[in-house]
Amino acid sequence: MTEIIRKILAEALGAMGIPVPERMEVEVPRDEALGDLSTPIAMSLSKLLRKQPQKIAEEIIANIRERGDFEKIEVAGPGFINFTFKKEALYRSLSGMLREGENHITAKDIGKGRKILLEFVSANPTGPLHLGHGRGAALGAALANLLSAAGFRVTKEYYINDAGRQMALLGESVFAKYQELFGISRSLPEDGYRGAYVEDIAKKIAENVADRYRGLEYVHPQSDFFSEYACKQMLDLIKSDLEAFGVTFDTWQSEKELYDKHEVEQAIEYLRGRGFIYEHEGATWFKATEFGDEKDRVIIKNDGKYTYFASDIAYHKKKVDGGYDELIDIWGADHHGYIPRVKAALESLGYDKEKLKVLLVQMVSLLRGGKPVQMSKRAGEFITLRDVMEEVGADTTKFMFLTRKADSHLDFDLEVAKAASAENPVYYVQYAYARINSILRHAAEKSLSISTPEAPDGSVSADVDLSPLEEPEEQRLIKKILLYPGVFEAAVYAREPHRITFYLQELAGLFHPYYNKHRIVTEDGRLTLARLALSMAARRVLKDGLHVLGVAAPERM
RNA sequence: GCGCCUGUAGCUCAGUUGGAUAGAGCAACUGCCUUCUAAGCAGUGGGUCAGGGGUUCGAAUCCCUUCAGGCGCACCA
């Protein structure tokens, strides 16, 4: 519907010789009595044209050619142009949507096949995923679904930090536990890992190799064996946690591999050739300040070891070289200070830094009954993503994450999430979907069903006469359903899946009262078919939206 | 000290990139199942949009400032 308004506005402005603004705002008026859709465009043009908004609005209206779809178009308030559709126009749009099936939503093809590399989670394989990772996972997966549905070619990537000190620490921690299994006391390294999972891995190794490494020192080659084994175990655990959470990846990029294939060296040498690398006090530095960062950054320490940033340069070079039109990184907000240097790296490599978009996910505070849950990774006491999934459920957890925009802090209260489970927003939306399915089943028993591309087994064509839908609840529902493509599009442009979440709650919030007040399946065949068609349309949008969010759409509850 | 994020109903959060009288869910209170699913519905109460200044036709939204919370400011990852 918003598309129709934009089109006729553009035509009218064109006829008036006014340049069409890039972004024409079309919104739903606060009060439905004002109209179905509204635009403040006359007010925004007021300054440019040096005319009163009301006058401009009137002129625009006078220049609108195709007004056949509208009951009325009028100026209101300080200069809004309000549009009210004819019922027939709404019925026509809804019929079109039913006929087109899934294509209706993605038909616009915003992405036009452009390639996006979406990197998210990328948690170090040194411990299980926690709730903050879950938030990134939920957002990343939803964003990938959203962008894919909009016609982008999205690759979901997980970057594995399997090189460097942390892996050595993990290996040594496991090694210490392994020795303990044979009654040999070894102190953990100072910053070692203490979780129960460390012991689990040690036990697994003992099962496999028995006492082969008993009593040895933590040096090559056993150090490599332990750290690599532990890393693999952790990755398996992370993968299975993500899978249980319903999040999958297309590619897993290993940091170690960047070193093994000399891609880090090559990237640095390339930059050295361009004059952005220098030696100072025994270390190798990158001239980040040339590209707007606060200070230059060390990439090789004076002990000869690379910093994390060194491999990140190579990694992001690899990303761009992969032929992607856009890179999206989802990071925890605690890494925000890192953005300027990575952008600097991209620029120094000769790439457009605007290609990279970093989405920051704010911290999650885990509460139980209003009190913070104490978590200490060092002591190995923390609640993992899996714990939360088992306690409150994956769908609820995801939905909670996706009802917030990424950059706001989040209090996740286990008691609230659980206690409210019966009246959780996620169930409200899912219930609407399940309820519609129940109605359709009921209708099918009475040999009443309608055929649409997604339900081809029906006996009646989608060209149902919708004109019996005259109740205000029905009008509201139709309009809300027809708004979905616009909401979807806005969510895509803003890269904000949470807009879908809120829309779905609103849609469910119209269907439930409708259901409660009116019967879908009645003695009146014409009315019944029309209502079934409306329900089908709502069902499709709910299903599509839930799919984007990565939340289950249950046939029954 | 500097930088980034946040501050909206008792609680958790939206607010369509500056638009009309600021919304939803929880929580509280009152009603509704013989009928397609009560995980639902109908109704009631609830606000100095942290405070102050500015920009303009118009500000929760943009700018400045104060306050509060969080997170960063490594030759850590």
Side-chain angles (χ1 to χ4, degrees), chain A residues 2 23 25-31 34 38-40 43-44 46-47 52-53 76-80 82 124 126 161 163-167 169 191 280-285 294-295 297-303 305 307-309 332-340 360 362-363 365 370 400 403-405 407-413 416-417 419-428 430-432 434-443 445-446 483 486-487 490-491 493-494 496 498-499 501-503 505-506 508-509 511-517 519-522 528 531-532 535 556-557:
Chain A
T2 51
R23 191 182 180 82
E25 245 178 288
V26 178
E27 54 191 40
V28 179
R30 247 176 237 307
D31 185 348
L34 291 167
S38 172
T39 179
M43 292 181 281
S44 13
S46 168
K47 199 171 293 174
Q52 286 187 341
F80 289 96
N82 292 338
N124 286 354
T126 53
N161 290 113
R165 193 175 116 83
Q166 298 307 315
M167 284 330 299
L169 276 174
D191 298 317
H280 179 65
E281 292 180 350
T284 302
W285 297 69
E294 285 178 342
K295 48 179 86 165
R297 306 293 176 178
V298 170
I299 50 177
I300 305 176
K301 299 183 275 182
N302 60 17
D303 65 1
K305 289 183 178 154
T307 63
Y308 180 80
F309 182 49
D334 53 341
H335 287 69
H336 75 260
Y338 223 77
I339 298 174
L360 294 177
Q362 281 293 339
M363 307 284 99
S365 313
M400 287 204 78
T403 40
R404 276 117 177 132
K405 60 181 179 205
D407 61 359
S408 61
H409 303 268
L410 165 59
D411 285 345
F412 193 104
D413 193 312
V416 171
S421 73
E423 297 183 33
N424 206 296
V426 67
Y427 296 109
Y428 187 77
Q430 288 180 322
Y431 190 56
R435 191 171 238 180
I436 292 171
N437 283 287
S438 171
I439 295 165
L440 295 176
R441 281 193 297 271
H442 175 79
E445 279 169 22
K446 301 198 162 198
L483 234 35
V487 172
Y493 281 121
E496 288 179 349
H498 77 269
R499 296 184 189 218
T501 319
F502 279 87
Y503 170 84
Q505 292 186 68
E506 288 166 8
F511 188 82
H512 287 307
Y514 171 54
Y515 168 89
N516 220 265
K517 191 163 172 188
R519 282 192 66 81
I520 310 295
V521 178
T522 65
T528 300
R531 288 183 169 172
L532 283 174
S535 304
R556 57 184 85 218
M557 288 172 74

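Below, chains carry the letters A, B, ... as their sequence lines are ordered, and counting in each starts from 1.
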[atom1]-based separation of [M] from [N] [nearest Å]:
| N | M | atom1 | result |
| --- | --- | --- | --- |
| B:G58 | B:G19 | P | 14 Å |
| B:C4 | B:A28 | C1' | 39 Å |
| B:A22 | B:G46 | C1' | 14 Å |
| B:G40 | B:U17 | C1' | 36 Å |

How would you label the contact of [X] with the nucleic acid (heavy atoms, under 4.0 Å): base, sugar-phosphate, or nothing?
| X | result |
| --- | --- |
| A:Thr403 | sugar-phosphate |
| A:Lys405 | sugar-phosphate |
| A:Arg556 | base |
| A:Lys295 | sugar-phosphate |
| A:Ala432 | nothing |

Looking at residues at least two apart in the chain, or sitting in another chain, which of them share a side-chain hydrogen bond (donor to acceptor under 3.5 Å, both in side chains) with [X]?
| X | value |
| --- | --- |
| A:Glu506 | A:Lys480 |
| A:Thr501 | none |
| A:Arg435 | A:His512 |
| A:His335 | none |

From C-beta outward on [X], which listed nucleotide comes closest to its side chain: [options]?
| X | options | result |
| --- | --- | --- |
| A:Ile439 | B:C36, B:C13, B:U16 | B:C36 |
| A:Arg165 | B:A20, B:A77, B:G25 | B:A77 |
| A:Pro40 | B:G40, B:G19, B:A42 | B:G19 |
| A:Asp407 | B:C75, B:C5, B:C13 | B:C5 |
| A:Pro78 | B:C41, B:G19, B:U17 | B:G19 |

Determine whether the aromatic ring of A:Phe80 stacks with the base of B:A20, defined as ring centroids separated by less than 5.5 Å and ring planes inclined by less than 30°.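 Ring-base stacking flag set for A:Phe80 and B:A20.
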
So, does [X] get its side chain near the phosphate of [N], meaning an N or O under 4.0 Å from OP1 or OP2?
| X | N | value |
| --- | --- | --- |
| A:Ser44 | B:C57 | no |
| A:Arg435 | B:A38 | yes |
| A:Tyr515 | B:U35 | no |
| A:Tyr427 | B:A39 | no |
| A:His498 | B:G15 | yes |
| A:Arg30 | B:A20 | yes |

Is the glycosidic torsion of B:U61 within 90° of 0, making it syn, or is it anti?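 Anti, which is what one calls it when the glycosidic angle falls more than 90° from 0.
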
Any idea if B:C33 is syn or anti, going by the 90°-from-0 cut?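 It is syn.
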
On a heavy-atom basis, which atom in A:Asn82 and which in A:Leu34 lie closest, and how many Å separate them?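 That would be CB-O, 3.3 Å.
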
What are the atom names and distances for every N/O pair under 3.5 Å that joins the protein to nucleotides 68-72 of chain B?
| unit_1 | atom_1 | unit_2 | atom_2 | d |
| --- | --- | --- | --- | --- |
| B:G69 | N2 | A:His409 | NE2 | 2.9 |

Between B:G15 (P) and A:Glu27 (CD): distance, integer Å: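 Rounded to whole Å, this separation is 14 Å.
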
Report yes or no: does [X] contribute a side-chain atom to a donor-acceptor pair with the main-chain N or O of [Y] at less than 3.5 Å?
| X | Y | answer |
| --- | --- | --- |
| A:Thr39 | A:Glu25 | yes |
| A:Asn124 | A:Thr126 | no |
| A:Thr307 | A:Val298 | yes |

Could you list, one pair per line, each protein nitrogen or oxygen that sits under 3.5 Å from a nitrogen or oxygen of nucleotides 28-31 of chain B, together with the distance?
none

Give none if B:G1 has no partner; otherwise give the nucleotide forming a Watson-Crick or G-U wobble pair with it, both distances under 3.5 Å.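 Partner of B:G1: B:C73.
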
Calculate, to the nearest 0.5 Å, the distance between atoms CD and CG belonging to A:Gln430 and A:Asn424 respectively.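 These two atoms lie 9.0 Å from each other.
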
On the side chain of A:Thr501, is there an atom forming a donor-acceptor pair with the base of B:A14 - under 3.5 Å, no angle test?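 There is none.
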
